[in-house]
J.: 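Would you mind keeping the following structure in view while I ask a few things?
All chains are named by letter (A, B, ...) in the order of the sequence lines, taking the proteins before the strands, and each is independently numbered beginning at 1. Predicted, not measured: the structure shown is a model, and the values here were computed from it.
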2 protein chains.
Amino acid sequence: MTAVAAVKPETWTPRQGEVLEAALSLLVAGGDKLTMNGVARIAHCSKETLYKWFGDRDGLLVATVQWQAAKVGVPRLDRAHLDARALGRVVEDFGRALLSVLASENSVALNRVAVSHAGTTVPDLGTIVLQNGRLEMGRRLKPVLEAGRAVGLLRFADSEQAFRTFFGLVVRDVQIRLLLGDRWRPSEAEIDAEAKAAAEQFFALFGT
Amino acid sequence: MTAVAAVKPETWTPRQGEVLEAALSLLVAGGDKLTMNGVARIAHCSKETLYKWFGDRDGLLVATVQWQAAKVGVPRLDRAHLDARALGRVVEDFGRALLSVLASENSVALNRVAVSHAGTTVPDLGTIVLQNGRLEMGRRLKPVLEAGRAVGLLRFADSEQAFRTFFGLVVRDVQIRLLLGDRWRPSEAEIDAEAKAAAEQFFALFGT
DNA sequence: CATTTGCCGAACCGTACGGTACGGTACGCG
DNA sequence: CGCGTACCGTACCGTACGGTTCGGCAAATG
């Protein structure tokens, strides 16, 4: 197993948070808009301060990505009494939260810059996003699936494979289309419907 | 419906093909490696020629993307006698081909640059890749699914939704992980197994 | 008050890269 | 042969941006 890049807590002051928020807004406005001059301008700080705080442009990028990653709340997974109804709710809620995050502007912008970065040298951001995104999701849901299996509500051989299938059922083509700039965003209602359908299909495949 | 960006046939001479191949190799080597100087150097041509043929850097990028897109062969879909066995084979083969393409180095590099491009102004490459990738796949498979429904082998309300679910079952997290630079590539055997599993699950959900 | 610290704003530097210009060569054609 | 065309190789230009430096200011510190 590759050494899990420990996600630095890296706590920032409120003022630094403002700067990171400014960087994030530039990232959302357009990946190529995030220049040191640009951030300094809209954050009303000097470039010297940026370099003092974040080292270099990559450092600022990494900090921005972690700043946003720290904001996404992963759904609370209550492992108390697991009956079929409770498990269904948890899985469905999880899918809904996942879809909501992936379809958000911030997430799309973040994943865009991470994908771009992964295509170059310095394979940094891709790993970070992968750890805080897809892999973290797996770490959260898999215990629930295994608990469901333990009480006989689910049947599968490998929880990793089961989770990957659930991921596919939920995300389908949404993320790649958004990353490629398809002008289309799922509405709240659509996200809800898709999460419901995905949960239903998941139980059709793995339920007992 | 958005005007379907007509994919220009845009036929190139063999020499121009060599240049595009060189550009493609640079793209695979690293998205930021594709510079006009770089292409001119390894393609043994002058920058003046590049600008004459392709206009500017974006033109070269677009031509390279279309050049690669034109090379991916979509699986032949034989709509003759549709019994359950034949339909199963077609769907499974389609999934296998889709996974193979998405996991290939060229496709990953191409989607990376398209995603990067989609994050900027000039939303060009993203649209092209979307049209030749995800959307073209749907256009190919949906008639088959509908034929399967017509003869009573499949049951679904909307072929677009059915295809999107199939897409999710096949691709799962493979594409996003590769785009984010996860060091992991599915082997031939894994692709085969995943395609088989996806087809099986698809029929479990939509078969009669 | 003097000094240090932290930050702002702006000027500045070096470089990489997109784009252009120019000299040189090979080849087809009247 | 003379001319045009197409191309190569290279030098060159302009600019944008990452990164550094510096003067100034305000607040904390002693």
J.: Atom CZ in A:Arg177, atom CH2 in A:Trp184: separation rounded to 0.5 Å?
T.: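 Here the interatomic distance stands at 5.0 Å.
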
J.: For A:Asp32 and C:dA16, give me the distance from atom CG to atom P, rounded to whole Å.
T.: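 Distance, rounded to whole Å: 21 Å.
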
J.: Less than 4.0 angstrom from a charged side-chain N to a carboxylate O is my criterion; do A:Glu188 and A:Arg96 meet it?
T.: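 So A:Glu188 does not pair with A:Arg96 through a salt bridge.
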
J.: Identify, between A:Glu48 and A:Thr35, the residue whose nearest nucleotide on DNA chain D lies closer to the 5' end.
T.: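 Its nearest nucleotide lies further toward 5', so the answer is A:Thr35.
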
J.: In whole Å, what is the span from the CG atom of A:Asp56 to the C1' atom of D:dC17?
T.: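 Result: 14 Å.
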
J.: Test salt bridge (charged side-chain N to carboxylate O under 4.0 Å, His left out) on B:Arg140 and B:Glu136 and set out the steps.
T.: CA-CA 6 Å; B:Arg140 298 287 174 132; B:Glu136 178 64 15; 2.6 Å; yes

J.: Once you round it to whole Å, what is the distance between P of C:dT20 and CG of B:Leu50?
T.: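 Spelled out: CG on B:Leu50 to P on C:dT20 is 12 Å.
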
J.: D:dC8 phosphate, OP1 or OP2: any side-chain N/O from B:Thr49 under 4.0 angstrom?
T.: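 Checking B:Thr49 against D:dC8: at least one side-chain N or O falls below 4.0 Å of OP1 or OP2.
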
J.: Please tell me which of the listed nucleotides, D:dG9, D:dT20, C:dG18, lies nearest to the side chain of B:Met36?
T.: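 Comparing D:dG9, D:dT20, C:dG18 against the side chain of B:Met36, the answer is C:dG18.
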
J.: Give the rounded distance in Å between these two atoms: CZ of A:Phe54 and P of D:dG18.
T.: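 So the CZ-P distance, A:Phe54 to D:dG18, works out to 15 Å.
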
J.: Give the rounded distance in Å between these two atoms: NZ of A:Lys52 and P of D:dG19.
T.: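 Roughly 18 Å, once rounded to whole Å.
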
J.: Between D:dG18, C:dC7, C:dG18, which one does the side chain of A:Lys47 approach most closely?
T.: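 The nucleotide sitting nearest to the side chain is D:dG18.
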
J.: Have a look at B:Arg41 and say if it touches a base, only the backbone sugar-phosphate, or nothing, with a 4.0 Å heavy-atom cut-off.
T.: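 Since no nucleic acid heavy atom lies under 4.0 Å of B:Arg41, the category is nothing.
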
J.: So does A:Trp53 get a side-chain nitrogen or oxygen closer than 4.0 Å to the phosphate oxygens (OP1/OP2) of C:dG6?
T.: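 For A:Trp53, the contact criterion (side-chain N or O under 4.0 Å from OP1 or OP2 of C:dG6) is not met.
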
J.: Whole angstroms only, please: what is the CG-C1' distance between B:Asn37 and C:dC17?
T.: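 From B:Asn37 CG to C:dC17 C1': 7 Å.
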
J.: For B:Tyr51 and A:Ser46, take the nucleotide of DNA chain C holding the closest heavy atom to each; which residue's nucleotide lies nearer the 5' end?
T.: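 Its nucleotide being nearer the 5' end, the pick is A:Ser46.
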
J.: Specify the separation, in whole Å, of atom CZ of B:Arg57 and atom C1' of C:dT20.
T.: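 From B:Arg57 CZ to C:dT20 C1': 18 Å.
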
J.: Take atom CG of B:Leu60 and atom P of C:dG19, then tell me their distance rounded to the nearest Å.
T.: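 For the pair B:Leu60 CG and C:dG19 P, the rounded distance is 10 Å.
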
J.: Could you walk me through whether B:Glu194 and A:Arg164 pass the salt bridge (charged side-chain N to carboxylate O under 4.0 Å, His left out) check?
T.: CA-CA 11 Å; B:Glu194 302 216 351; A:Arg164 292 183 62 211; 3.0 Å; yes

J.: Which nucleotide in the set D:dC8, D:dC7, C:dC8 lies at the smallest distance from any side-chain heavy atom of B:Arg15?
T.: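 For B:Arg15, the side-chain atoms sit closest to D:dC8.
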
J.: Looking at B:Arg185 and B:Glu190, does any basic side-chain N land under 4.0 Å from a carboxylate oxygen?
T.: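 No, this pair does not count.
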
